[in-house]
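Each remark here refers to the structure printed beneath this line.
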Amino acid sequence: MTAAPQLVVHRDKELMAQAAAARLITKIVDAQAARGFASVVLTGGRNGNGLLAALSSSAAKDAIDWSRLDLWWGDERFLPDGDPERNYTQAKEALLDSVPLNPARVHPMPASDGAYEVDAAAEMYAAELTAAAGPEDHGRVPTFDVLMLGVGPDTHVASLFPELPAVRESERTVVGVHGAPKPPPVRITLTLPAIRSAREVWLLAAGEDKASAAAIALSGAGEVQAPAAGAYGRARTLWLLDAAAASQLPRDLYPPASP
């Protein structure tokens, strides 16, 4: 039985980003103390990039041993390397270029100017994940400490859009996406089975345009119609919201907003 998601609602998107960054720093430091390394899956979009920018400006980021952090991505726009619309490009600008990461432990999804089309590129990323999985992971992907996902106004997470084939995938861990309703139409994404391998899944939503999506996903909707409803972690599922995104939720679902 999957534990019910926990909700944390902050006053506004800036406070949400700062609090989520502080929460992530603590989670990474604790994992490194326990096992020697940490594994995190990043998300793009305005909320994911806002969290990375808040982390970059936090003095507490120096508590992280950046050389012992594995970074993966939940999805990527299949565009040329360095394209400003790629999640990897935006993450580099927001945080990654300013911290001493070990390049061998940073795993961006393939770009479109490589030698492979999108479905082969997805298979390559799946193989990279499998190679990084150890016997203790009991699966074809590492057991991520934290996997972060932005929630779209249509309830999509990663590049899993309502009713499209990728959200129905039950075997593969990474797939190519064709005909996404949000540009660009061609993408690479982790699937729900890969997402659910994470110890903790954090869903980020800020702004009034996310309020309906949060309400639908948290009301018992099916994952094919509302992919965010199918995103949950092995140990914990955490929704991090601002007051605007939580405005359509029943108040008994979450504690009072932080100051």
Side-chain angles (χ1 to χ4, degrees), residues 3 5-74 87-109 128-129 132-134 136-137 141-151 190 195 197-206 231-242 255 257-259:
Q6 297 174 296
L7 279 67
V8 179
V9 180
H10 294 288
R11 181 183 62 229
D12 54 44
K13 67 178 186 296
E14 290 81 15
L15 184 59
M16 186 194 97
Q18 293 162 7
R23 189 182 290 271
L24 183 61
I25 291 168
T26 300
K27 188 61 60 176
I28 291 170
V29 170
D30 285 351
Q32 289 180 336
R35 287 198 320 282
F37 69 96
S39 178
V40 172
V41 179
L42 300 181
T43 185
R46 67 174 191 244
N47 296 149
N49 291 328
L51 185 156
L52 294 182
L55 205 165
S56 179
S57 62
S58 170
K61 74 177 185 295
D62 293 337
I64 295 172
D65 183 344
W66 294 96
S67 69
R68 293 189 293 128
L69 177 64
D70 296 315
L71 291 179
W72 303 87
W73 271 260
N87 291 334
Y88 178 52
T89 308
Q90 295 173 6
K92 282 165 60 68
E93 184 175 321
L95 172 68
L96 307 188
D97 283 346
S98 65
V99 291
L101 293 158
N102 176 353
R105 302 188 86 146
V106 179
H107 305 274
M109 288 182 164
E128 194 172 347
L129 284 163
E136 71 279 5
D137 292 313
V141 299
T143 303
F144 311 114
D145 292 295
V146 176
L147 184 149
M148 294 180 288
L149 296 166
V151 179
L190 297 188
I195 288 168
S197 72
R199 289 185 178 87
E200 298 197 10
V201 169
W202 298 2
L203 296 107
L204 314 175
Y232 48 82
R234 288 183 178 183
R236 189 186 199 197
T237 306
L238 188 62
W239 280 73
L240 301 172
L241 306 145
D242 74 349
S258 59

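Hydrogens, waters and symmetry mates are skipped; everything else that's a heavy atom, side chains included, is used.
The local environment of CD in E93 is sparse, with at most 12 non-hydrogen atoms from other residues, nucleotides or ligands closer than 6.0 Å.
Of all the heavy atoms in L149 and A231, the pair that sits closest is CD1-CB, 3.6 Å. Nearest heavy-atom pair across A20 and W202 is O-CZ3, 3.9 Å. Between A206 and K13, the shortest heavy-atom distance links the atoms CB-CB, 3.7 Å. Nearest heavy atom pair, residue W66 against residue K61, reads NE1-O, 3.2 Å. In terms of heavy atoms, N87 sits closest to G45 at OD1-N, 4.2 Å. Taking each heavy atom of R35 and D145 in turn, the nearest pair found is NH2-OD2, 2.8 Å.
Residues R11 and M16 form no side-chain contact, since every pair of their non-hydrogen atoms from C-beta on lies 4.5 Å or further apart. You'll find the side chain of L69 reaches within 4.5 Å of the side chain of I28, heavy atoms only. By the 4.5 Å heavy-atom criterion applied to side chains, W72 and P108 are not counted as neighbours. Looking at L238 and R23, their side chains come closer than 4.5 Å, going by heavy atoms from C-beta outward. Residues L129 and F144 are in side-chain contact: their nearest non-hydrogen atoms beyond the backbone lie under 4.5 Å apart.
Judged by distance alone, the side chain of E128 and the main-chain N or O of H107 form no donor-acceptor pair under 3.5 Å. Within the 3.5 Å criterion, the main-chain N or O of G233 finds a donor-acceptor partner in the side chain of T237.
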Requested in this report: Quick one: do L241 and V8 satisfy side chain to side chain contact (heavy atoms under 4.5 Å, CB included)? Show the steps, please.
Outcome: CA-CA 6 Å; L241 306 145; V8 179; over 6 Å; no
Query - Verdict with supporting geometry, Q90 and N49, side-chain hydrogen bond (donor to acceptor under 3.5 Å, both in side chains) - result: CA-CA 7 Å; Q90 295 173 6; N49 291 328; 2.8 Å; yes
Requested in this report: Decide yes or no on side chain to side chain contact (heavy atoms under 4.5 Å, CB included) for R234 and E200, but give the supporting numbers first.
Outcome: CA-CA 6 Å; R234 288 183 178 183; E200 298 197 10; over 6 Å; no
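I64 pairs with exactly one of I25, L101, V99, T26 by the side-chain contact (heavy atoms from CB on, under 4.5 Å) rule, that one being I25. M148 pairs with exactly one of L240, V41, V40 by the side-chain contact (heavy atoms from CB on, under 4.5 Å) rule, that one being V40. Partner of R199 under the side-chain contact (heavy atoms from CB on, under 4.5 Å) criterion, chosen from T143, V146, L147: T143.
Remark: L52 CG to L96 CG distance equals 6.5 Å, nearest 0.5 Å.
Under a 4.0 Å N-O distance rule, the pair D30/K27 does not qualify as a salt bridge.
Taking the six-membered ring for Trp and thresholds of 30 and 60 degrees, Y88 and W73 have ring planes more than 60 degrees apart, a perpendicular arrangement.
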